[in-house]
Structures are given as structure tokens and as C-alpha cells.
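Numbers for residues simply follow the sequence, beginning at 1. Fair warning: this is a prediction, and the values are worked out from it, not measured in the lab. Note that ligands are numbered from 1 as they come in the structure, with each ligand's atoms numbered from 1 the same way.
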Amino acid sequence: MSEIPLRRVRVAVEAPQHSGLTDPLDYLGPQDLTPGTLVHVTLGRRDVMGLVWDDLPEGQDLPEEEQLPESELRPVGEALDALPPLSDRWRRLVEFAAGYYQRSIGELALAVLPPQLRDLDAKQLQARLKKLDKADAEAAKAAAAATGEATSAPDRPALTAQQQAALDALAELAAREAPQPALLWGLTGSGKTEIYLRAAEAALERGQQVLVLVPEINLTPQLEARFAERFAGRSIVSLHSALTPAQRLRNWLAAHLGRAQLVLGTRLAVFASLPRLGLIVVDEEHDPSYKQQDGARYSARDLAVYRGHLEKVPVVLGSATPSLESWQHALAGRYRRVDLTERIGGGALPRVRLFDMNRLERKKGVTTALSVPLLDAMRKRLERGEQSLVFLNRRGYAPVLHCDQCNWKSDCPHCSAHQVFHKEDRTLRCHHCGVTTRVPRACPSCGNPDIAPLGRGTERLEEQLAQALPGARVARIDADTTRLKGSLESQLAAVHEGEVDILVGTQMVAKGHDFRRITLVAAVNPDGALFSSDFRAPERLFSLLMQAGGRAGRDAAQAAASEMWIQTWYPEHALYQSLQKHDYEAFAGSQLHERMTANLPPFAHLALVRAEGRSVEAARDFLTAAQEAAQALPLSLGLLLYPPVPMAIARVADSERFQMLIEAGNRAQLQRFLRAWLPALHALKRRQKGLTRWAVDVDPLAI
Ligand code: ADP
Ligand code: ZN
Ligand code: ZN
């Protein structure tokens, strides 16, 4: 056997962040090893999966003396070459995301592949592929048999003039050499989904693959069902974290091999390998769940736009209340705005009634109760056999238990937060660290047997509604009632079947569902967000209320009688005034004006460094030192470095948490600065005693 000449190859491996190994590492591999191939390599003493990366361009490799000599490089192990290599474009996407969100290429590349893929050897992979081939062959046979029985073409509604105009605009964009992203702005029920379906159909007919991103898969079963129905006979797969590892691998492979025509998934699906990608749809593009909250904190919406640019394919961002970032892009002409201004069937939007809580009689204990007029409105619905939805973004029975003798409160021993009272199982639960204790019989501090719940969560609201409206069938949907697999689906089904008169819930019920019989939506205590320290809180509140209101009156016949009630202490607030007129545009305009004046996104670019330590000093000193390191860098000139401050909930699970904000007028400048600065933070971390974790969040959503 002749000796095969080996060469230096770069392999992306999942090196722990603290190792400081951020780039692909050098190994020795065969000459013909293609970038994008999965290979086993040794890292330290472990056998890990790696991904062959591109050679550095001529002249950009390290100077000879900094490279490990070839004689010291380890050879790559087994290659999984039965799998077509991950494409050049896919690697560029990963490279961009790693650079932008300040992670290593290897960490990101391997984190976004299906977990099971990492554990396979070449033989196991071949077995998987064979199994997939067999399943596909059977499916094809079944499909052929079905067409033999003459399938009827799916029912497609005739487009409205507005929808037709929207589609024409999208088709015109798609025909361009480098399509501009489109922002599809349309009320709930204005027919956006129909636009996605038609645009997808056009791409499928061109033989391309379509990627549809949704915020949370279990909250959008109807969207999935509509795609499945419209494209019966096509190969549709889903990609999200609730799949079993085996399903996820199978679906990922189907996409990667070009067999899946349509991929429907949550944020992680933005990294799906799609050799013939022709269209990306991002539904509810404003939804915060597109932002990953740990590891590489990427925004799938933003990466979708970048991917569209990279692959020169159209991207459709859809929303009734676009993120202010996207809205500003559209105003500036970077995105093409496409509007749907009418609800299908001419359905009106619910009338918004701002109920002024100041009008309530001020008696002890009734201040935040359900107002009499609201209860009357619900009673009317009840008599007519219609449904009401009551929305409160706080689960549990009451946010705190309180002793009015000694002022004891049910504080979490591990967090700077209260433990929430859950009446159902008589527990006190911390929603931040999860610690759960039994409800004490008497005040633990003074023995007073009369400790009382303060405030109200969904559990208590459910109880109050059942008391106030005897005979009404009240149901509740929140994270507590839907813990078991399948329970959300069955509870939603009960609502659809009309087995529920009044549905109480958190934001879970405000999103996506197409409830036909709901004619009243009420938000009983939404004011908190008006005064939040997070500058995005009003934006989130507005979109949540618009979305919740969109649940009402989806049947045109009932639309005229539909109402949305807001119980508020601030009925004159500009946010509610815009909401009352369903005027997103006015709301966005005033918010953007405020953001511009305050130099906030989208007019400035932010990065947040968070630190957690076993003591306040550990977390704070780390950030103070980090700040000094930043100030020493010439690249920090012109940036605003805010001093470290405790996070809004400063202590969670006995960890003290601090954060430091960096503000830049321009993205590229922020990127250059972070790249120069972060190595210093890795070094500081090793020196700072008591610091448990730190992380950088580029374009943070919650501040
Ligand atoms: P959105 O996604 O904006 O909430 P949908 O696409 O779900 O709106 O449309 C709302 C409802 O109207 C759906 O039940 C849909 O099937 C129906 N619909 C959409 N377009 C048309 C049309 N052109 N003709 C008749 N019905 C339509
Ligand atoms: Zn007490
Ligand atoms: Zn806690």
C-alpha cells in the first residue's frame, strides 16, 4: 500500500470557551478531505466530532513560527464521508454568526448540528442513511399509489386584490439577482399565512426548498396543519428542540440531502442545511423567542436576513406588529414593506375599551379586582354562548404571601425575588431558581396564623371568575397547566370544541391560536410594562395586546360585536391611545422617536456583558476590571461604556449578577471592539476568584 500524502487541515471542534481555542484547529488529513466533512478527531484525550473547515486564504495563515510544525499535528480520525459535505454557504453562515455573536466557529457549528450526529461513527451513519433511503422509497411508492387514485388539488382560496398585490411585490423581489428582504405587515386575520403558502408554492414549483421559521412550534399547530394540508404529498419536516434526538437527526438529514421540500422550525432551524434553499419565511418576526438566550445568543430573525443575503434568496418577515428594528429598516428602504391592511372577509378589529381603574371605588382589597362593567360584559357573552379570554401575564395564585403583623414576605432564600404562592398544591415556588417549599401554616417569623396572599396571578383570577360568574366553565392555560406533554393540545381542543366559556391565561394564549368563538378579550393588569426599566417593554406590551386582541372576532359575523378590554390606571397613556385606534404605525413612530432621542436601538447598537459570582464583589470586580481593560483599548474610543450595575433581579440561585452595557453608533465598530476586548475577559475570568460565569450578549433583547 502506498503512503497517502497528508496535509495540514483545519477542523472546527467544540472547544470549551475558557480554553481560548476559538479558531478551527490544525490536524493532518488526506489531501482530498473536503471542507464541510465531518471527521472524528482527538482533542486533548477525548475523541470528538469535528468539521473540516476551509483553509485560510493565501497570506492569511499564521506566521510559520506560530504554527505547530506538521510533525506535531495529530492525524484526523474516521471521516463520515457518506454524508455530503456541509456546503460552502452553510459554512459562511456559521462563520458569520460565530463572528457576530462572539463565539468560536467550532462551538457554534457543532451546537447547531443535530446532537445525535455527533455521536455516530461512519458505519452507524451509513445505517441511518440506508434506513432513510428505504423509508423514502416506501413513501414515494405510497405517493405514487395515491396519485393513481387521482388526488384532488388542494382548496386554495381566490386571493383578495390586496393579497394579489402583495404576492406580485414578492414575486418581483424574488426575480431579482439579490432580493431585498420583505416586511409583510398585516393584521391578524389579514391573510399573511395565505401569502406564505403561495410564495412557498412558487418556490417549490421552481424545485427549491423552503424554510419557514415560527416562534414556538407548540403554539402554532394551526400553521403547521395548514402547510401540511396545502402541501399534502410534498415532503415537509419540522425541526425544533421538542423532537426526539432520532427524529431531529432524521429530519435534519432529509433537509441536508435535499429531500425535504419544506422545513418548518423554530430558531435553531435557521441553521438547517438546505442545498436548494429558495425562500425563507419568518412568521411573527417580532417574537422575542427568535433570540437564543444561552450559548451563542443569536437572533434567528437577523440570521435569516443574513442568510437570504448570502444565498441571494428572498426573505419574508411577517408580523402585525413588526419589531422596531425591522420597521426602521423598512422606513430606511433596506426592507421592502408589503402591507395587508384589511382583515379577510372584512372583519372589523375588536373595539378597544380602556377601563379607567381610577373610577373604581377605593375600598380595601378591591383595587385591582375585576371591574363590574367587565364582568357584565362577560356575562353577556356567556348568555349568548360566546367565549371570553382573560389575559394576565403572571402565573400562580399570588406573587407573594404576606404577614401584616410583622411584615414577613415569602422571599426566596436564594434569590432577590418573592416565592410565588401556588394554591393548587399549596406550595411556594420561586419562578427564578425553582425552589419549592410547603406553604407555612403560620407566619414563620411571628407565628401569626393569618398570612395572606397579596396580588393576583392566573390561578387566583380563575378562582375569582368562577365565583363571580357562577355556572361559567372557566379554564386556565399557562405554563403550570401545560407541563405534561400533550396537555396544551388537549386544552386548546377543549376551547375550540366550545367546552370552555372563559379562558384565563398568560401570554401563551395570546399567540397564534385561531379561536373562532371568542368575542371578548380582556387584559386585567397590563400597566407594569409602561414603567419597566427595559426600554423594549412597551414594544412587547403593544404587540402582545394587539395579538391578544386579534384573537377576538376572527369570524366576520361576530367581529362587529367583539371587544377588547384593558383595565388600566393610565387610560391616557399614548400606548393605549394608539392601541385603541389599532394604530401600530403611530405607536412605532412615537417609540422610534423616543429611541432616537435616547440613542437606543435601532439607532445605536448594544452589547451586554453579564457576570455571575458567588459574591457581589466577584461579579462587580470582574466587570470593573473588564471596563478598565476596555478603556485601555484605542478601539473603545467613541463607544459608551456604562458602569457595571446589578441586574434587575440581582441574585438568582445564590448567584450575584451584574451587567455592563456597551453602546456604539455603528455595528462594525462594536464588532471590532468586542473582538479586541473579549480575549482580555477570558484572561480576567481565570484570575477573578468567585466568578462563576460571564457571557456577552450582542444585540441583547432584555436589558
Ligand atoms: P393571518 O396569517 O394574517 O392571521 P390568515 O392567512 O390566517 O391570516 O387568514 C385568515 C383567515 O382567512 C384564514 O382562515 C384563511 O384561511 C382565510 N383566508 C386567507 N386568505 C383568504 C382568501 N383570499 N379568501 C378567503 N379566505 C382567506
Ligand atoms: Zn409575621
Ligand atoms: Zn429563587
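Among R395, R476, R460, the one residue that satisfies the salt bridge (charged side-chain N to carboxylate O under 4.0 Å, His left out) test with E424 is R476.
Proximity of A320 to ligand 1, defined as any heavy-atom pair under 4.0 Å, is not found for any part of the residue. Contact annotation for T193 and ligand 1: heavy atoms of both the backbone and the side chain come within less than 4.0 Å of the ligand. Of all the heavy atoms of R343, none lies under 4.0 Å from any atom of ligand 1, so neither backbone nor side chain is involved. Here L187 has backbone heavy atoms under 4.0 Å from ligand 1, and that is the only part of it that gets that close.
In terms of polar-atom proximity, defined here as any N/O pair under 3.5 Å, P157 makes no such contact with ligand 1. Between T188 and ligand 1, a contact under 3.5 Å exists for no N or O pair.
A salt bridge is defined here as a Lys NZ or Arg NE, NH1 or NH2 lying under 4.0 Å from an Asp or Glu carboxylate O, and D534 with R540 meets this definition. In this structure, E285 pairs ionically with R301, as a charged nitrogen and a carboxylate oxygen lie closer than 4.0 Å. Salt bridge absent: R307 and D302 never bring a charged side-chain N and a carboxylate O closer than 4.0 Å. No salt bridge links E194 with R156; every basic N to acidic carboxylate O contact stays at or beyond 4.0 Å. Ion pairing between a basic and an acidic side chain is recognised when a charged N comes within 4.0 Å of a carboxylate O; R651 and D654 show such pairing. For R336 and E172, the salt-bridge test passes: some basic side-chain N is under 4.0 Å from an acidic carboxylate O. Here E459 does not pair with R394 in a salt bridge; the nearest charged N to carboxylate O distance is not below 4.0 Å. A salt bridge does not link D283 to K192: none of the charged nitrogens lies less than 4.0 Å from a carboxylate oxygen.
Vertex the Zn ion (ligand 2), arms ending at SG of C443 and SG of C446: the angle is 110° after rounding to 10 degrees. Vertex the Zn ion (ligand 3), arms ending at SG of C430 and SG of C412: the angle is 110° after rounding to 10 degrees. Geometry note: the Zn ion (ligand 3) is the vertex, C433 SG and C415 SG are the arms, and the angle is 110° (rounded to 10 degrees).
Distance alone, capped at 3.5 Å, places no donor-acceptor pair between the E216 side chain and the S289 backbone.
Every atom of ligand 1 with a heavy atom of L159 under 4.0 Å away is listed here by number and element: 23 (N). Atom numbering of ligand 1 starts at 1 in the shown order; those under 4.0 Å from a heavy atom of K192 are 1 (P), 2 (O), 3 (O), 6 (O), 8 (O). Residue contact check: T160 has heavy atoms under 4.0 Å from atoms 23 (N) of ligand 1. When each atom of ligand 1 is checked for a heavy atom of A158 under 4.0 Å away, the hits are 22 (C), 23 (N), 24 (N).
Using a 3.5 Å distance cut-off with no hydrogens or angles, the side chains of Q387 and R381 do not pair a donor with an acceptor.
Not a single N, O or S atom of H414, from either the backbone or the side chain, sits less than 2.8 Å from the Zn ion (ligand 3). Within the 2.8 Å limit, H432 places no N, O or S atom next to the Zn ion (ligand 3). Within the 2.8 Å limit, H431 places no N, O or S atom next to the Zn ion (ligand 3).
Using a 4.0 Å heavy-atom cutoff, G186 is absent from the residues neighbouring ligand 1.
Among S319, A161, G191, G345, the residue whose heavy atom lies closest to atom 8 (O) of ligand 1 is G191.
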